[in-house]
Protein chains: 2
Amino acid sequence: MRVVIAKCSVDYEGRLTAHLPLATRLLMVKADGSVLVHSDGGSYKPLNWMSPPCSMAEAVPDEDEAADGVTLVWVVRHAKSDDALRVRIHEVVSDATYDLGVDPGLVKDGVEAHLQALLAEHIHTLGDGYSLVRREFMTAIGPVDILCRDGDGVTVAVEIKRRGEIDGVEQLTRYLELMNRDPHLAPVTGIFAAQQIKPQARTLAEDRGIRCVVLDYDELKGIDTSEHRLF
Amino acid sequence: MRVVIAKCSVDYEGRLTAHLPLATRLLMVKADGSVLVHSDGGSYKPLNWMSPPCSMAEAVPDEDEAADGVTLVWVVRHAKSDDALRVRIHEVVSDATYDLGVDPGLVKDGVEAHLQALLAEHIHTLGDGYSLVRREFMTAIGPVDILCRDGDGVTVAVEIKRRGEIDGVEQLTRYLELMNRDPHLAPVTGIFAAQQIKPQARTLAEDRGIRCVVLDYDELKGIDTSEHRLF
DNA sequence: CATTTAATCTCGCGA
DNA sequence: TCGCGAGGTTAAATG
């Protein structure tokens with residue numbers, strides 16, 4: 001990885017056009033050729049960047065650029081599209097290259113997939129007599145997170161979100177409409193399950209006869225642990 | 001801005017739990033206290049990070065950490081939530097601080113707002129006799145991007161997206177349902193206009209009698225230019 | 001300040 | 001490879 005601190009202006013042309021006036025910034029060139037332009041603020045998103053696959057070339061400034069004080073130009077082109085980034089460097093404060101090696105990568109825990117796995121494992125938390133049919137039940141318009149049966153043997157489609165918003169209710173509604181048109185499956189009722197359900201989403205769901213369930217990730221994991229401890 | 005190259009492991013606890021095994025990485029500490037952990041690959045997203053407002057403190061490794069070879073621990077805490085990042089540093093390769101000053105910021109061109117302005121200006125590209133009623137036409141559930149009339153004087157609601165997906169069709173459908181209940185407006189037809197329309201979105205839209213139009217930003221801008229050149 | 005919506009979204013999974 | 005959905009989405013605009 002190459003890290004350069006430089007006074008520069010930047011222009012991007014591609015899916016949109018963007019311009020960064022002259023200022024001192026951090027330029028990061030990664031092993032795959034991608035370039036990031038960071039300022040000393042904002043959040044993790046760079047002010048400007050080029051995603052891989054791309055290649056970076058250094059060019060000599062033209063007459064106008066040289067007259068403006070540009071000493072070096074980086075031309076970064078995307079390999080598959082016409083996206084291009086031009087970094088006009090006026091002054092280099094620092095320029096260093098490091099060998100970082102390959103990163104072992106991030107290990108995550110607590111995302112929607114885990115919620116789904118935990119709820120499937122403890123499907124009875126939805127009510128007495130509930131039994132799992134299958135996770136990721138495929139339909140023509142996409143997979144239903146969990147398909148199960150309630151105590152009366154009625155099919156139930158469960159949509160799981162970390163944060164339940166209107167989009168999720170719309171999604172479940174589409175699944176229910178489709179599945180209720182299938183005589184093999186109908187009638188199918190719906191459960192909208194999330195760690196947190198926005199009031200608007202709850203209202204919409206209940207208005208459509210969809211039951212809302214708030215999931216407690218730690219509690220589900222706790223059940224997991226205490227059950228394992230029985231053995 | 002402080003830039004550190006170090007062999008480290010990182011743990012995040014907050015909305016989820018995440019762990020980065022020991023490796024050499026770039027650590028960026030911005031003026032607002034935010035921290036970014038970058039590897040030599042991936043895109044512009046850091047492997048791990050802490051968003052502002054937050055504060056970073058250096059701590060002495062405990063006994064176990066020291067036994068593992070940790071020489072220094074960064075504890076980064078978010079100011080408003082319980083999110084925390086622990087960077088366990090084993091070896092510092094480089095550590096430098098730079099004064100970048102305040103960034104003048106990015107100037108953009110070519111986003112959805114511009115598409116809307118351009119299409120409103122050239123509403124006749126939707127068909128002969130089309131006329132603009134108004135942009136951002138307010139309804140009880142939000143603003144319709146463009147309201148216009150077709151050649152027969154029938155009211156048309158236009159939803160504009162850069163990339164047309166199912167959500168956009170749902171949104172337009174809600175507007176149309178509402179507006180068609182209003183005797184002053186009904187009947188209202190719909191147009192889903194985007195630079196790119198996903199097949200599923202197109203299918204859903206056309207199934208609901210909504211016309212799909214693919215917009216060409218450069219062409220609309222070209223019309224703009226050539227019209228201006230007439231004067 | 002909360003809410004909504006766009007994003008050069010990125011990222012990962014599955015067909 | 002492409003499409004689709006999730007994201008510690010982030011970030012900007014708006015009521």
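- Among the protein residues, M138(B) comes within range of no part of the nucleic acid, since none of its heavy atoms lies under 4.0 Å from any strand.
- Picking from dT10(D), dC11(C), dA7(C) the nucleotide with the shortest atom distance to the side chain of K45(B) gives dC11(C).
- When each of D83(A) and Q200(A) is assigned the nucleotide of DNA chain C bearing its nearest heavy atom, the one mapping closer to the 5' terminus is Q200(A).
- With rounding to whole Å, D145(B) atom CG is found 15 Å from dT14(D) atom C1'.
- Nucleic acid contact class of Y44(A) (heavy atoms, under 4.0 Å, all strands): sugar-phosphate only.
- Atom C1' of nucleotide dA6(C) and atom NZ of K108(B) are separated by 9 Å, given to the nearest angstrom.
- Atom-to-atom, CD of E136(B) to C1' of dA13(D) comes out at 11 Å; the value is rounded to the nearest Å.
- With E65(A) contributing its side chain and D62(A) its backbone, the two residues share a donor-acceptor pair below 3.5 Å.
- Regarding contacts with the backbone of dC9(C), every side-chain N or O of W49(A) stays at 4.0 angstrom or more from both OP1 and OP2.
- Taking atom NE2 of H78(A) as the reference point, atom C1' of dT10(C) lies 12 Å away to the nearest angstrom.
- Residue S43(A) has its side chain nearest to dA11(D) when only dC1(C), dC9(C), dA11(D) are considered.
- A straight line from CG of D109(A) to P of dA6(D) spans 19 Å, rounded to a whole angstrom.
- Between L47(B) and E165(B), the residue anchored nearer the 5' end of DNA chain D, judged by the nucleotide with its closest heavy atom, is E165(B).
- The residue among K80(B) and P143(B) whose nearest nucleotide of DNA chain C lies closer to the 5′ end is K80(B).
- In the set dG7(D), dA6(D), dA6(C), dG7(D) carries the atom at the smallest distance from any side-chain atom of V111(A).
- Remark: D83(A) does not engage R77(A) in a salt bridge, criterion side-chain N to carboxylate O under 4.0 Å.
- Within 6.0 Å of atom CZ in R134(B), 12 or fewer heavy atoms from other residues, nucleotides or ligands are found, so the atom counts as exposed in its surroundings.
- The CG-C1' distance, from D103(B) to dA11(D), rounds to 16 Å in whole Å.
- Residues L85(B) and I166(B) each lie close to DNA chain D; by heavy-atom proximity, the contact nearer the 5' end of the strand is made by I166(B).
- OP1 or OP2 of dA6(C) has not a single side-chain nitrogen or oxygen of R162(B) nearer than 4.0 Å.
- If you take CG of D167(B) and C1' of dG7(D), they are 15 Å apart, rounded to a whole angstrom.
- A salt bridge links E159(B) with K161(B): the closest approach of a Lys/Arg side-chain nitrogen to an acidic carboxylate oxygen falls below 4.0 angstrom.
- With dG5(D), dC9(C), dT10(C) as the candidates, the nucleotide lying closest to the side chain of S51(A) is dT10(C).
- Taking 4.0 Å as the cut-off between side-chain N and carboxylate O, E165(B) and R202(B) do not count as a salt-bridged pair.
- Closest to the side chain of R15(B), out of dT10(D), dT10(C), dT4(C), is dT10(D).
- Residues Y175(A) and D145(A) bring no donor and acceptor atom of their side chains to less than 3.5 Å of each other.
- Summarising the geometry, the separation between CG on L172(B) and P on dT5(C) is reported as 13 Å, rounded to the nearest angstrom.
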